[in-house]
Structure formats: C-alpha cells, structure tokens
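Okay, structure first, notes after.
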Amino acid sequence: QVQLVESGGGLVQDGGSLRLSCAISGRTFDLRAMAWFRQAPGKEREFVIGIRRTDGTTNYADSVKGRFAISRDNAKNMVYLQMNSLKPEDTAVYYCAVRGGSTIFTTATTYDYWGKGTQVTVSS
C-alpha cells in the first residue's frame, strides 16, 4: 500500500504564490511517475503537472506552463508543486497522485494512489 498526504494549500491573492508538498509513504520502490491534479467545484478532475521519478522528465498542462513547476526529492519521498502567478481560475482542490508505470499520463484513472487533497483558493 502507498499513502500520500498533501499540504501547503491555503488562501492567496491573485498573482501570489504557493508551494504544495506531497509526502509519500509505504511501498514506494515501484512508483515511477508522480503528478498533481486539481478539481474545481462542478468540474472534472484535471491533470496539472507530472514528473518521472527516475530522470525528472516533466509534463505540464498548457494552462500552467510558465507558472507552475514540479520537483521531487526521491530520498525523502516528497513531491512539490511550486505555483506562481496564481489566478482565480486556479482555485481548486489539488491532489497528488502516483502510478507504477513511468509514463506521465494526463488521465486520472491511470494513477494508482491518491492523496485526499488540499484546498487552494485564489482571491481576485
């Protein structure tokens, strides 16, 4: 089993920054790709950004390119999401997800384990 716990969410003004963290525990040795998704009220869960555990290859949603960055610390089993230039439309619950395969898919159903999420609210 794998457990994921997100932290770092909160309320920030338009144009502000936040850094989310995801702590991964349990059977982590066979995890290959990690990602952040988000879900706004009344909308489907959407892919934000992902990273390959081994070589750091990343994949971004067009909506966050140039504003968000993902990083990982394999020794600590941590994944981070740095969010800059936040906009009100970034408001959502942000979820950390991991999968055993190395491909950074953008479809939520391809991920094996999920955290419970952390709320990010951007005020205008």
Side-chain angles (χ1 to χ4, degrees):
Q1 280 289 359
V2 176
Q3 295 80 40
L4 295 83
V5 178
E6 303 95 337
S7 61
L11 174 64
V12 64
Q13 290 189 334
D14 191 354
S17 298
L18 278 177
R19 187 190 193 212
L20 305 184
S21 299
C22 175
I24 307 170
S25 60
R27 293 173 57 89
T28 61
F29 61 89
D30 56 352
L31 299 176
R32 298 289 183 266
M34 295 88 80
W36 290 91
F37 285 75
R38 67 187 180 187
Q39 189 165 18
K43 295 188 177 181
E44 293 188 354
R45 193 167 297 188
E46 66 172 356
F47 174 82
V48 176
I49 197 168
I51 190 167
R52 189 175 297 161
R53 183 185 178 97
T54 52
D55 61 7
T57 299
T58 58
N59 188 17
Y60 296 74
D62 288 341
S63 59
V64 305
K65 281 183 179 178
R67 300 189 299 124
F68 290 13
I70 188 171
S71 60
R72 89 279 191 223
D73 184 331
N74 290 341
K76 296 182 179 179
N77 289 319
M78 295 291 295
V79 181
Y80 305 99
L81 175 60
Q82 178 66 44
M83 304 185 292
N84 299 323
S85 302
L86 282 161
K87 305 174 182 180
E89 51 263 44
D90 294 317
T91 294
V93 177
Y94 283 72
Y95 298 90
C96 180
V98 297
R99 62 186 303 272
S102 60
T103 302
I104 307 169
F105 288 118
T106 60
T107 305
T109 54
T110 61
Y111 286 79
D112 303 308
Y113 300 98
W114 291 82
K116 294 183 178 180
T118 185
Q119 177 70 47
V120 171
T121 303
V122 184
S123 62
S124 57

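Start at 1 with the first residue, then count along the sequence.
Y111 and I49 sit in two unconnected hydrophobic clusters of ILVMFWY residues. Membership requires side-chain heavy atoms under 4.5 Å apart, directly or through other members. F68 and V79 fall within the same hydrophobic cluster, where Ile, Leu, Val, Met, Phe, Trp and Tyr residues are linked whenever their side-chain heavy atoms come under 4.5 Å apart, directly or through other members. In the hydrophobic clustering of this structure, L81 does not group with F47; members are Ile, Leu, Val, Met, Phe, Trp, Tyr whose side-chain heavy atoms approach within less than 4.5 Å, directly or through other members. Taking hydrophobic clusters as Ile, Leu, Val, Met, Phe, Trp and Tyr residues chained together by side-chain heavy-atom distances below 4.5 Å, V64 shares a cluster with I70. If you chain together hydrophobic residues whose side chains sit under 4.5 Å apart, W114 and L4 never meet in one group.
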With a cut-off of 3.5 Å and sequence neighbours excluded, list every side-chain donor-acceptor pair involving residues 14-37.
from, atom 1, to, atom 2, distance (Å)
S17, OG, N84, OD1, 3.0
S25, OG, Q3, OE1, 3.3
R32, NH1, F29, O, 3.1

For residues 92-102, dump all side-chain donor-acceptor pairs below 3.5 Å to protein atoms at least two apart in sequence or in another chain.
from, atom 1, to, atom 2, distance (Å)
Y94, OH, R38, NH1, 3.0
Y94, OH, D90, O, 2.6
R99, NE, T110, O, 3.0
R99, NH1, G101, O, 3.2
R99, NH1, T103, O, 2.9

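Other residues, nucleotides and ligands contribute only 12 or fewer heavy atoms inside 6.0 Å of the CD atom of E44.
Under the 3.5 Å distance criterion, the side-chain polar atoms of Y60 are left unmatched by any main-chain donor or acceptor of G66. With hydrogens and angles disregarded, a donor-acceptor distance shorter than 3.5 Å links the side chain of R72 to the backbone of T54. Between the side chain of Q13 and the backbone N or O of S123, no donor-acceptor pair lies under 3.5 Å.
For the atom pair CD (Q82) and CZ (R67), the distance works out to 12.0 Å, reported to the nearest 0.5 Å. To the nearest 0.5 Å, atom NZ of residue K87 and atom OG of residue S63 are 8.0 Å apart. Here the OG1-CZ distance, from T107 to R45, works out to 13.0 Å after rounding to the nearest 0.5 Å.
Nearest heavy-atom pair, I104 versus R52, reported as atom, atom and distance to 0.1 Å: CD1-N, 3.7 Å. Of all non-hydrogen atoms in T91 and A40, the two that sit nearest each other are O-CB, 3.7 Å.
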